[in-house]
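Remember, it's a predicted structure, so these values are computed and weren't measured experimentally.
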Amino acid sequence: MKFTHFALAAVSCAAVIACGGNKNAVPETEPTPAPAPAAAPVTEKPISLDSAVDRYSYALGMDLGKAIANISVPLKLDVIIEAIKDEVDSSRKVLLADSAAEAALQDLLLKMQQKKEADEKAAAKKALDEQAAFLAKNIVDSTVKVTTKGVQYKVIKDGAGITPKASDKVQVHYVGALLDGTEFDNSVKRGEPLEFPVSAVIEGWQDLLQVMKEGMKVKAWIPSALAYGEAGVPPMIPANALLVFEVELLKVFTETPAVDTTAAAPAEGAADAAKPEAAAVEEAKPAPEAAKPATKPTKKAEKKAKK
């Protein structure tokens with residue numbers, strides 16, 4: 001907006017205030033003179049962008065305008081224009097000291113943050129109300145099923161394969177969108193399915209996958225409580241967003257339990273260690289007489305034997 005426009009607007013406002021008067025004032029005794037003829041409307045001179053100075057001056061104004069447009073708290077453009085004039089024109093007096101200006105800008109930032117938080121809180125509550133209303137209406141459809149945790153889904157194509165467990169890995173194609181249809185992810189467009197462990201995804205996906213069969217395709221509505229909750233995933237997924245997915249379960253990779261080789265066959269030397277206790281006792285018995293090594297008899301023993 002041009003400086004001249006704001007200057008004229010300020011002058012016009014001042015004139016209106018000055019001429020407004022008091023409604024209860026006593027009328028003058030002398031007749032009021034006839035109003036002067038209305039002045040011809042002032043036409044603003046169009047801005048020329050022929051020179052480089054014109055263009056970068058206008059571009060600078062555009063940049064400033066974009067910054068101002070993003071400020072969500074009330075501003076007075078005429079005051080902004082006057083402040084710019086005060087700064088660029090050395091013959092004019094700046095009305096705020098630097099320290100006072102800094103304090104004013106800190107106050108502006110605080111108000112912007114408070115407004116942002118209030119807006120986000122209102123948007124989150126609205127999203128929660130909208131998803132509750134949608135899910136209550138959607139479940140009335142007889143073709144819509146619901147998982148134990150509350151994911152609503154409709155079968156688009158049935159499957160005949162196995163159903164994955166939490167410990168399995170799956171391969172899927174999917175399209176993810178918000179309730180208003182805004183798409184935030186699409187493996188089909190990328191032309192590459194995704195593989196991941198069932199336990200590695202959001203709770204709503206885990207719940208959904210474990211009621212599907214290999215080859216099945218569904219459309220599912222995952223409540224925010226089973227997805228990203230009030231935090232969301234800015235900027236793609238806002239707070240309390242109900243997520244709408246089309247999911248096709250292409251493949252289930254079942255977990256193969258590890259084989260305990262130590263239980264299947266005893267290790268070398270284990271057989272001896274596993275001998276029954278009776279055998280061990282038997283080995284501990286003294287050797288029988290016959291097994292004792294032979295010893296040469298003494299002479300006394302020989303005489304006794306002859307008698």
Please test Glu183 against Asn186 for side chain to side chain donor-acceptor pair (under 3.5 Å), starting from the C-alpha separation and ending with a verdict. CA-CA 8 Å; Glu183 191 175 293; Asn186 191 326; 3.0 Å; yes
Where does the angle between the aromatic ring planes of Phe196 and Trp205 fall among parallel (under 30°), tilted (30 to 60°) and perpendicular (over 60°)? perpendicular
Side chains of Ser187 and Glu192 in contact at under 4.5 Å (non-hydrogen atoms): no
Does atom OH (Tyr58) have a neighbourhood of more than 12 heavy atoms from anything else shown, all under 6.0 Å? no
Taking ILVMFWY side chains as joined if any heavy atoms are under 4.5 angstrom apart, and letting links pass through other members, which residues group with Val175? Val188
Please name all residues satisfying side chain to side chain contact (heavy atoms under 4.5 Å, CB included) with Ser72, sequence neighbours left out, ordered by chain then number. Lys115
Hey, are the side chains of Asp86 and Lys93 touching, using non-hydrogen atoms and a 4.5 Å cut-off? no
Is there side-chain contact between Leu208 and Val247, with at least one heavy-atom pair below 4.5 Å? yes
Treat each ILVMFWY residue as a node, draw an edge where side-chain heavy atoms are under 4.5 Å apart, and state whether Ile202 and Leu242 are in one component. no
Using modelled atom types only, decide if a donor and an acceptor are shared between the side chain of Gln131 and the backbone of Ser224 within a distance under 3.5 Å. yes
Joint hydrophobic cluster, Val211 plus Trp221, side-chain heavy atoms closer than 4.5 Å: no
Write down the atom of Ala241, the atom of Pro238, and the distance for their closest heavy-atom approach. CB-O, 3.3 Å
As an exercise, state the distance from CZ of Phe134 to CG of Asp129, rounded to the nearest 0.5 Å. 15.5 Å
Results of side chain to side chain donor-acceptor pair (under 3.5 Å) for Gln171 - residues two or more places apart only: Glu195
Quick check on the hydrophobic clustering: are Leu250 and Leu209 connected, directly or via other members, by side-chain heavy-atom contacts under 4.5 Å? no
Is any side-chain heavy atom of Val198 closer than 4.5 Å to a side-chain heavy atom of Val170? yes
Passes side chain to side chain contact (heavy atoms under 4.5 Å, CB included), Val73 versus Ile71? Steps please. CA-CA 6 Å; Val73 298; Ile71 296 176; 3.6 Å; yes
When rounded to the nearest 0.5 angstrom, what is the spacing between OG1 in Thr182 and CG in Asp180? 3.5 Å
Are any of the side-chain heavy atoms of Leu60 and Leu64 separated by less than 4.5 Å? no
Can you tell me how far the OG1 atom of Thr147 sits from the CG atom of Leu226, to the nearest 0.5 Å? 7.0 Å
Does Thr163 have any side chain to side chain contact (heavy atoms under 4.5 Å, CB included) partners at least two apart in sequence or in another chain, and if so, which? Lys213
Taking all heavy atoms of Val218 and all of Ile156, pick out the closest pair and write down the distance. C-CD1, 3.8 Å
Below 3.5 Å, can you tabulate the donor-acceptor pairs from side chains in residues 148-155 to any protein atom, sequence neighbours excluded?
{"residue": "Lys149", "atom": "NZ", "partner": "Glu203", "partner atom": "OE2", "Å": "3.1"}
{"residue": "Gln152", "atom": "OE1", "partner": "Asn138", "partner atom": "ND2", "Å": "2.8"}
{"residue": "Gln152", "atom": "NE2", "partner": "Leu135", "partner atom": "O", "Å": "3.1"}
{"residue": "Lys154", "atom": "NZ", "partner": "Asp141", "partner atom": "OD2", "Å": "3.3"}

I'd like to know if Val172 and Phe184 are part of one continuous hydrophobic network [Ile/Leu/Val/Met/Phe/Trp/Tyr, side-chain heavy atoms within less than 4.5 Å]. yes
Shortest non-hydrogen contact from Ala124 toward Ala239: CB-CB, 3.9 Å
Any non-hydrogen side-chain atom of Glu82 less than 4.5 Å from a side-chain atom of Arg92? yes
Taking every non-hydrogen atom, the tightest pair across Lys217 and Glu246: CE-OE1, 3.8 Å
Return yes if a side-chain donor-acceptor contact under 3.5 Å exists between Asp168 and Thr254, otherwise no. no
Min side-chain heavy-atom separation Lys157-Glu248 under 4.5 Å: yes
Any sub-3.5 Å donor-acceptor pair from Arg55's side-chain atoms to Asp50's backbone N or O? yes
Is it the case that Gln206 and Ser199 place a side-chain donor and acceptor less than 3.5 Å from each other? no
Looking only at atom types and distance, does a side-chain atom of Ser57 sit under 3.5 Å from a main-chain N or O of Val53, one as donor and one as acceptor? yes
Glu214 atom CD: more than 12 heavy-atom contacts under 6.0 Å: yes
With rounding to the nearest 0.5 angstrom, report the OH to CG distance, Tyr56 to Leu49. 13.0 Å
Nearest-0.5 Å distance that lies between atom CG in Leu249 and atom CD in Gln210: 11.5 Å
Interatomic distance, Asp185 atom CG to Phe245 atom CZ [nearest 0.5 angstrom]: 7.5 Å
Tell me, do Leu243 and Leu178 make a side-chain contact under 4.5 Å, heavy atoms counted? yes
What are the two closest heavy atoms between Val140 and Ala136, and how far apart are they? CG2-O, 3.5 Å
Give every donor-acceptor pair under 3.5 Å between a side-chain atom in residues 99-114 and any protein atom, sequence neighbours left out.
{"residue": "Glu102", "atom": "OE2", "partner": "Gln106", "partner atom": "NE2", "Å": "3.3"}
{"residue": "Asp107", "atom": "OD1", "partner": "Lys111", "partner atom": "NZ", "Å": "3.0"}
{"residue": "Asp107", "atom": "OD2", "partner": "Lys111", "partner atom": "NZ", "Å": "3.2"}
{"residue": "Gln113", "atom": "NE2", "partner": "Glu117", "partner atom": "OE2", "Å": "3.0"}

Are Ile81 and Leu96 connected into the same hydrophobic cluster when the rule is that any two of I, L, V, M, F, W, Y join if their side-chain heavy atoms are below 4.5 Å apart? no
